[in-house]
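One structure below.
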Amino acid sequence: MKVHVIGAGLAGLAAACQLTEAGHQVVLFEAAKTAGGRARSHYDHQLGCRIDNGNHLLLSGNIATLSYLHRIGAKRSLTGPASPIFPFHDLRTGESWTLRLNQGSIPWWVFSPSRRVPGTRLHHYLGLLKLRKATQADLVAPLLASTGPLYTQLLELLAVSALNTSPQVAAAAALRSVFEETLELGGYATIPRYARVGLSETFVNPALDWLLHHGADIRLGERVTALTPTQATVLAVPPWAAAELVPGLVVPTEFESIYNLHFKYALPPGEAGFWGFLGGITEWVFAHSEVLSVTISAASRYVDFSPERIAAKVWGEIASAFALPPELPPHRVIWEKRATMLATPAQMARRPKTRTANPNLMLAGDWTDTGLPATIEGAIRSGNAAALALMATFKN
Ligand SMILES: Cc1cc2nc3c(=O)[nH]c(=O)nc-3n(C[C@H](O)[C@H](O)[C@H](O)COP(=O)(O)OP(=O)(O)OC[C@H]3O[C@@H](n4cnc5c(N)ncnc54)[C@H](O)[C@@H]3O)c2cc1C
């Protein structure tokens, strides 16, 4: 069967691979000249090296992503520590510490002061159980702030990173879905993973090669401006583009930005290759071979900062944490304005299902109702779901 997949972000690539593997003739349309959408790499002439549009962190519990990478032969292009560890620098106290989960499903690490978050006690962790009962209306901060130092030193940062939304307004149920598939299963599902060379090298180029090798027709630089109702189609474009192509479709309408800063500075990667930062504006720092890359989520709060001001502030924080020279190295600041949908209860309620009123048309994308926040795992899962739903209609 001939199938059109529109959009070659990770949702579209996952759908295209699933359909191709099942023997269907896929035509993949992508408006941009390169595939990857919001997860891509490029050569930066100012820095003289390749950089990603932003750090992307996965966890070993992201099983749809791992099986996508396995399918396209790129699983080994991920890297990260061998065990579930998360090093942190607290700019407020100057302290460095490492969260060390144990691998198994029983979280005995919470009993060990040298493994858990400094200053926390068992009852703080029990406060996490409130997430299990979170309603669709509950917000992260009001629900979890009573976990005290666990919140201020870990949960707040995890929530803003996973949901790309201020915890004051973010849906607690969205955070629960992340924890259910990672932390709650145990350390073995919480091992950090990220692209060794770059996002394109891990998630995009191997998929394009795999698709070409298996006979798919890939059309980069071809924007689809209208749908053919009788053509079997997976629509894997951002929500605003989907709403233009499918009149009357209800989609999320509010978005959050992410700041990404790349400093040309080679720092030894330490135990994990990255660090979480607390008490400043820096959130995650990744030590790549030629650059230190920084991510700041829910970045609309810094909309008034100029790129130079934010670069100076972030470098000041990194330099103080690692005792580096204060002079700002060559750098690139990337502002992803609509990085993800806003994960508020109201916006989460606007996520559409895979199926549409037209049985030939399925939706995919991290903004569809995947049960997860807008992440790689959600995007890939949505692409798989759209492909399977479409194939189910072929049998009827
Ligand atoms: C800076 C940043 C950091 C992030 N960090 C993380 C992280 O740490 N962990 C994590 O899991 N996730 C992270 N994410 C989220 C992750 O990148 C996204 O969830 C995922 O890439 C979304 O994929 P998608 O296919 O749903 O959408 P997109 O990537 O937006 O793909 C949609 C594609 O459709 C194309 N398109 C649009 N209109 C048309 C048209 N009319 N015709 C043809 N093509 C069209 C677009 O060009 C685009 O390529 C981050 C995102 C950003 C921006």
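Counting starts at 1 for both ligands and their atoms, following the listed order. Here the structure is a predicted model, which is why all the values come from computation and not from measurement. Side chains included, hydrogens not; waters and symmetry mates left out as well; all remaining heavy atoms used.
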One finds that the ligand 1 atoms under 4.0 Å from a non-hydrogen atom of A236 are 32 (C), 33 (C), 34 (O)

Is E244 paired with R223 through a side-chain N to carboxylate O contact shorter than 4.0 Å? no

Using distance alone, decide if ligand 1 has a nitrogen or oxygen within less than 3.5 Å of any nitrogen or oxygen in A339. no

Looking only at distances, can you tell me whether any N or O atom of A379, backbone or side chain, sits closer than 3.5 Å to an N or O atom of ligand 1? no

Under 4.0 Å, heavy-atom basis, I'd like to know which part of D366 is in contact with ligand 1: side chain, backbone, both or neither. both

Identify, by atom number and element, the atoms of ligand 1 in contact range of P238, meaning under 4.0 Å from any of its heavy atoms. 30 (O), 32 (C), 34 (O), 37 (C)

Ligand 1 to G9, heavy atom cutoff 4.0 Å, flagged ligand atoms 25 (O), 29 (O), 31 (O), 33 (C), 49 (O)

Are any of the side-chain nitrogens in R50 or E201 under 4.0 Å away from the carboxylate oxygens of its partner? yes

closest protein heavy atom to atom 17 (O) of ligand 1 is H56 NE2, 2.7 Å

Using a strict 4.0 Å threshold on nitrogen-to-oxygen distance, state whether K33 and E222 make a salt bridge. no

A quick test of your reading: do over 12 heavy atoms of other residues, nucleotides or ligands sit less than 6.0 Å from CZ of R121? no

Can you tell me which residue and heavy atom of the protein come closest to atom 42 (N) of ligand 1, and the distance to 0.1 Å? V224 N, 3.0 Å

Please state which part of A241 comes within less than 4.0 Å of ligand 1, counting heavy atoms only: side chain, backbone, both or neither. side chain

N or O pair under 3.5 Å between L10 and ligand 1: yes

Should the pair H288 and F286 be assigned to parallel (<30°), tilted (30 to 60°) or perpendicular (>60°) ring geometry? parallel

Proximal ligand 1 atoms for G37, defined as those under 4.0 Å from one of its heavy atoms: 29 (O), 48 (C), 49 (O)

Is a salt bridge present between E256 and R301, judged by a nitrogen-to-oxygen distance below 4.0 Å? no

So is A31 polar-close to ligand 1, meaning N/O to N/O under 3.5 Å? yes

In this structure, are over 12 heavy atoms from other groups packed under 6.0 Å from I106 atom CD1? no

Could you work out, for atom 9 (N) of ligand 1, the closest of T34, L57, N53 by heavy-atom distance? L57

Please say whether E377 places an N or O atom under 3.5 Å from an N or O atom belonging to ligand 1. no

In ligand 1, the atoms that come under 4.0 Å of a heavy atom of A374 are 15 (C), 19 (O)

Could you tell me whether some N/O pair between T340 and ligand 1 is separated by less than 3.5 angstrom? no

Is the contact between A364 and ligand 1 made by the side chain, the backbone, both, or neither, using heavy atoms and a 4.0 Å cut-off? neither

Atoms of ligand 1 less than 4.0 Å from N260 heavy atoms? 1 (C)

Please report whether ligand 1 has a polar contact with V237, defined as an N or O pair separated by less than 3.5 Å (distance criterion only). no

Going by an N to O cut-off under 4.0 Å, is there a salt bridge joining E308 and R332? no

Which label fits F86 and F274: parallel for a plane angle under 30°, tilted from 30 to 60°, or perpendicular past 60°? perpendicular

salt_bridge(R38, D366) N-O dist < 4.0 Å: yes

Is it true that the NZ or CZ of R351 lies under 6.0 Å from the centre of W367's six-membered ring and within 45 degrees of the ring axis? no

More than 12 non-hydrogen atoms from neighbouring residues, nucleotides or ligands closer than 6.0 Å to CZ on R355, yes or no? no

Test the R71-Y68 pair against the cation-pi criterion, namely NZ or CZ under 6.0 angstrom from the six-membered ring centroid and within 45° of the ring axis. no

Nearest non-hydrogen atom to atom 22 (C) of ligand 1 belongs to which of R38, E336, R219? R38

Show me which atoms of ligand 1 lie under 4.0 Å from any heavy atom of I376. 10 (C), 11 (O), 12 (N), 19 (O)

Would you call the rings of F88 and W97 parallel, tilted or perpendicular, taking 30° and 60° as the class edges? parallel

Counting heavy atoms under 4.0 Å, the part of I6 that contacts ligand 1 is side chain

Could you check atom 5 (N) of ligand 1 against the protein and tell me its nearest heavy-atom contact, residue, atom and distance included? N55 O, 3.3 Å

Could you list which atoms of ligand 1 come closer than 4.0 Å to a heavy atom of F29? 43 (C), 44 (N)

